[in-house]
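Because the structure is predicted, anything quoted here is derived from the model rather than measured.
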Amino acid sequence: MKRAPPMSSPNPETPSDSPADPAPKPTRRTFTTEYRNRILDEYNNAPHGEKSAVLRREGLYQSQLREWAQARTAAAGKSRPKAVAHPDTDAATRKEMARLTRENARLAKQLTQTEAALEIMGKLHVLLESISESTDTPPLPKTH
């Protein structure tokens with residue numbers, strides 16, 4: 001009876017038993033900012049049907065371009081100088097705010113007075129109706 005050759009383990013204990021791996025270990029690609037910006041511009045300017053051709057040619061995924069675009073937008077937002085507050089603008093803004101605050105207070109007071117007048121008019125109407133009903137005289141006919 002023939003014996004089967006002994007099975008070798010996938011991870012031999014002695015490295016000299018396995019042949020050397022001819023393929024180098026894959027490394028992650030890195031891209032310069034200039035390359036990223038160039039590809040983003042090319043992709044954004046490509047007609048609708050040719051956007052995927054740019055991705056295939058460069059060996060990229062659409063998700064990579066989305067991340068690059070977000071990073072570029074974030075970097076552009078950080079590099080912008082903050083708006084310098086102008087004293088004239090601030091003074092004009094404060095003056096306008098003060099004017100609007102005064103107008104708001106005036107209108108609130110006017111609203112309160114109008115609501116009070118309407119309440120009084122409603123009570124007066126109810127009073128006049130009750131007086132009219134309590135007297136035996138019929139209401140005057142309307143004349144046109």
[Y] side chain reached by [X] side chain, heavy atoms, under 4.5 Å:
| X | Y | result |
| --- | --- | --- |
| Lys51 | Leu55 | no |
| Leu107 | Leu111 | no |
| Met121 | His125 | no |
| Phe31 | Ile39 | no |
| Lys109 | Thr112 | no |

Measure the [atom1]-[atom2] distance between [X] and [Y] for me, rounded to the nearest 0.5 Å.
| X | Y | atom1 | atom2 | answer |
| --- | --- | --- | --- | --- |
| Asp41 | Arg36 | CG | CZ | 14.0 Å |
| Gln110 | Glu115 | CD | CD | 11.5 Å |
| Thr93 | Met97 | OG1 | CE | 9.0 Å |
| Trp68 | Thr73 | CH2 | OG1 | 14.5 Å |

Report summary line: Closest non-hydrogen contact found for Ala46 with Val54 is CB-CG2, 4.4 Å

Query raised in the report: If you look at every heavy atom in Arg29 and Glu58, which pair is closest and at what distance?
Result: NH1-O, 3.4 Å

Report task. Show your reasoning for whether salt bridge (Lys or Arg N to Asp or Glu O under 4.0 Å) applies to Arg38 and Glu34. Result -> CA-CA 6 Å; Arg38 182 175 57 83; Glu34 293 80 21; over 6 Å; no

Determine whether a donor-acceptor pair (N or O, by modelled atom type, separation under 3.5 Å) exists between the side chain of [X] and the backbone of [Y].
| X | Y | result |
| --- | --- | --- |
| Gln64 | Tyr61 | yes |
| Ser132 | Leu128 | no |
| Asn104 | Leu100 | no |

Report task. For the residue pair Arg66 and Gln70, confirm or rule out a side-chain donor-acceptor distance under 3.5 Å. Result -> no

